[in-house]
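I have placed the structure first, in the form of structure tokens, so that the comments after it can refer back to it.
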Protein chains: 2
Amino acid sequence: MPRSKSARPRVYSINELSTLCDVTPRTLRHYEDMGLLNPERQGAKRLYHERDRVRLQLILRGRRLGFGLKDIQDMLDLYDADPTEVTQLKDVIRRGDAKLLELQTQVEALQAIITEIKELRSVMKNRLDHITKGGE
Amino acid sequence: MPRSKSARPRVYSINELSTLCDVTPRTLRHYEDMGLLNPERQGAKRLYHERDRVRLQLILRGRRLGFGLKDIQDMLDLYDADPTEVTQLKDVIRRGDAKLLELQTQVEALQAIITEIKELRSVMKNRLDHITKGGE
DNA sequence: CAGCAAATTTACGTGAACGTAAACACAGTT
DNA sequence: AACTGTGTTTACGTTCACGTAAATTTGCTG
């Protein structure tokens with residue numbers, strides 16, 4: 001029973017990865033310019049590994065949540081830090097905690113909106129029922 | 001014991017409201033240009049009522065969550081729809097439900113990030129403890 | 001080696017969400 | 001009447017996150 005692992009490529013050209021993740025090549029280059037991605041190079045050409053793909057997914061998720069690229073950068077930096085220094089470790093934890101507070105605030109705000117829309121929905125539904133049943 | 005209600009102004013000039021809500025007058029005019037606000041006019045001057053202030057808060061909350069103004073427009077429209085028309089009522093409910101799905105997806109994505117950062121935090125904390133207690 | 005697809009860099013363009021400056025209007029002092 | 005404060009419109013400027021076009025370069029393939 002051969003072929004020990006992976007049906008998937010392991011490496012991607014810029015076009016492959018952009019197709020796979022539904023972004024344009026331009027976007028991938030832009031993220032690289034901004035320092036969010038750092039693909040290997042073979043000559044001049046970019047070679048993306050699984051690691052890069054995962055990072056990209058993280059970036060895209062952040063983007064869907066309305067974060068700017070700098071902000072996403074901050075979060076990715078948390079993962080990248082390879083801190084052997086105690087002060088750096090503490091710093092990563094501190095920055096992580098700060099992000100957590102922001103994020104939890106965001107969740108609360110979102111849930112407030114959700115609650116409001118649900119309430120609105122119920123108001124509208126009552127009106128609707130009133131009109132179509134009792135009304136003229 | 002008089003003064004039946006409200007210690008607060010009830011109406012605001014553009015500068016008052018912008019100060020109160022921590023935005024610039026330009027922003028208020030911009031939101032008006034985009035159709036998000038519709039303050040009364042006294043001559044040429046804008047007069048904001050409580051209703052406008054509440055709308056502004058909704059807008060700002062949406063903005064903090066990374067929504068575009070058009071998207072915020074959509075959500076505000078839910079509140080504004082004429083509630084005597086059955087078709088409009090149904091439409092509001094339908095669009096509200098669609099928004100709810102989006103929002104709940106967003107909450108889940110946010111919570112995924114929160115979980116990841118928490119896990120990362122625990123990894124970092126372990127390293128830190130290991131170094132400061134057992135390590136060299 | 002000619003030709004072609006896939007990639008590259010360079011650089012200007014774009015839409016969103018305002019910032020910022022200029023020029024004008026009006027209302028109430030002084 | 002002139003000054004000051006608060007507001008107005010008009011319009012160009014800016015940042016972000018890419019889009020888009022142009023001009024190469026690279027790596028095969030016939």
Side-chain angles (χ1 to χ4, degrees), chain A residues 9-49 52-53 55-77 102 106 109 113, chain B residues 9-49 52-53 55-77 102 106 109 113:
Chain A
R10 323 234 95 219
V11 302
Y12 311 88
S13 75
I14 193 168
N15 271 305
E16 286 166 355
L17 185 61
S18 67
T19 303
L20 182 62
C21 297
D22 197 36
V23 295
T24 67
R26 174 68 175 101
T27 299
L28 295 182
R29 294 195 187 101
H30 182 59
Y31 291 167
E32 188 173 346
D33 288 345
M34 301 294 101
L36 297 178
L37 290 176
N38 245 44
E40 193 193 329
R41 295 277 185 148
Q42 288 219 345
K45 307 200 167 174
R46 294 163 174 84
L47 253 193
Y48 297 88
H49 298 225
D52 301 306
R53 193 184 55 83
R55 270 181 87 86
L56 178 57
Q57 308 269 13
L58 292 174
I59 296 170
L60 296 180
R61 191 170 59 185
R63 198 183 61 171
R64 279 190 298 270
L65 294 171
F67 291 106
L69 293 188
K70 304 243 168 172
D71 227 345
I72 293 174
Q73 175 85 277
D74 289 349
M75 298 198 277
L76 288 177
D77 287 352
E102 280 181 42
Q106 282 214 30
I113 291 186
Chain B
R10 322 230 100 223
V11 304
Y12 311 88
S13 75
I14 192 169
N15 271 305
E16 286 167 355
L17 185 61
S18 67
T19 303
L20 182 62
C21 296
D22 197 37
V23 297
T24 68
R26 174 69 174 99
T27 299
L28 295 181
R29 294 193 188 102
H30 182 59
Y31 290 168
E32 188 174 344
D33 287 346
M34 300 294 102
L36 297 177
L37 290 176
N38 246 42
E40 192 193 328
R41 295 278 184 146
Q42 288 218 346
K45 310 200 167 174
R46 292 163 174 85
L47 253 194
Y48 297 89
H49 297 231
D52 300 307
R53 193 184 56 83
R55 271 180 88 86
L56 178 56
Q57 308 269 13
L58 292 174
I59 295 170
L60 295 179
R61 193 167 58 185
R63 199 184 60 172
R64 279 191 298 270
L65 293 170
F67 292 106
L69 293 189
K70 304 245 168 169
D71 226 345
I72 293 174
Q73 176 82 278
D74 290 349
M75 298 198 280
L76 287 178
D77 286 352
E102 280 181 43
Q106 281 213 29
I113 291 185

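The sequence lines fix the lettering, A, B, ..., with proteins before strands; numbering per chain opens at 1. None of these values were measured; they are calculated from a predicted model. Quick note: numbers below take in every heavy atom, side chains included, and nothing from hydrogens, waters or symmetry partners.
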* Quick one: are A:Leu36 and A:Arg55 in side-chain contact, heavy atoms under 4.5 Å? -> no
* **Whole angstrom value for the distance that separates P of D:dC16 from CD of A:Gln73** => 13 Å
* Asked: How would you list all residue pairs meeting salt bridge (charged side-chain N to carboxylate O under 4.0 Å, His left out) that involve residues 20-31 of chain B, not counting sequence neighbours?
  -> none
* Structure fact -> Looking only at heavy atoms, the pair that brings B:Gln57 and B:Cys21 closest together is NE2-SG, 4.1 Å
* Please examine the side chains of A:His30 and A:Leu69, heavy atoms only from C-beta on, and report whether any two atoms are closer than 4.5 Å. => yes
* To do: Please state how far atom OH in A:Tyr12 lies from atom C1' in C:dA6, giving the value in whole angstrom units.
  => 19 Å
* Please examine the side chains of A:Lys45 and A:Ser13, heavy atoms only from C-beta on, and report whether any two atoms are closer than 4.5 Å. => no
Below 3.5 Å is the cut-off: list the nitrogen or oxygen pairs between protein and nucleotides 20-25 of chain C, distance only.
{"unit_1": "C:dT20", "atom_1": "O4", "unit_2": "B:Arg26", "atom_2": "NE", "d": "3.0"}

* To do: Provide, to the nearest angstrom, the distance between the CG atom belonging to A:Leu28 and the C1' atom belonging to D:dA17.
  => 13 Å
* Structure fact -> Heavy-atom nearest pair, B:Leu47 first then B:Asp52, reads O-OD2, 4.0 Å
* **Sub-4.5 Å side-chain heavy-atom contact between B:Leu28 and B:Glu32** => no
* Check against side-chain contact (heavy atoms from CB on, under 4.5 Å), B:Arg46 and B:Arg41 -> CA-CA 5 Å; B:Arg46 292 163 174 85; B:Arg41 295 278 184 146; 3.2 Å; yes
* Asked: Considering only heavy atoms, which members of residues 29-42 of chain B lie under 4.0 Å from some atom of DNA chain C?
  -> B:His30, B:Tyr31
* Mark yes or no for whether A:Glu16, through its side chain, and A:Tyr48, through its backbone, hold a donor-acceptor pair below 3.5 Å. => no
* salt bridge (charged side-chain N to carboxylate O under 4.0 Å, His left out) partners of B:Glu40, counting only residues at least two apart -> none
* To do: Using the closest heavy atom to pick a nucleotide of DNA chain C for each, name whichever of A:Arg46 or B:Leu69 lands nearer the 5' end.
  => A:Arg46
* Contacting residues from residues 60-68 of chain B, given that a heavy atom lies under 4.0 angstrom of DNA chain C -> B:Arg63, B:Gly68
* Structure fact -> Taken in chain and number order and not counting sequence neighbours, the residues that satisfy side chain to side chain contact (heavy atoms under 4.5 Å, CB included) with B:Thr27 are B:Val23, B:Thr24, B:Tyr31, B:Arg63
* To do: Figure out the CD1/C1' separation between B:Ile14 and C:dC18, and round it to whole Å.
  => 13 Å
* Structure fact -> Among the nucleotides D:dA17, D:dT8, C:dG19, whichever has the atom closest to the side chain of B:Thr27 is C:dG19
* Structure fact -> A:Leu17 atom CG is separated from C:dT8 atom C1', nearest whole Å, by 17 Å
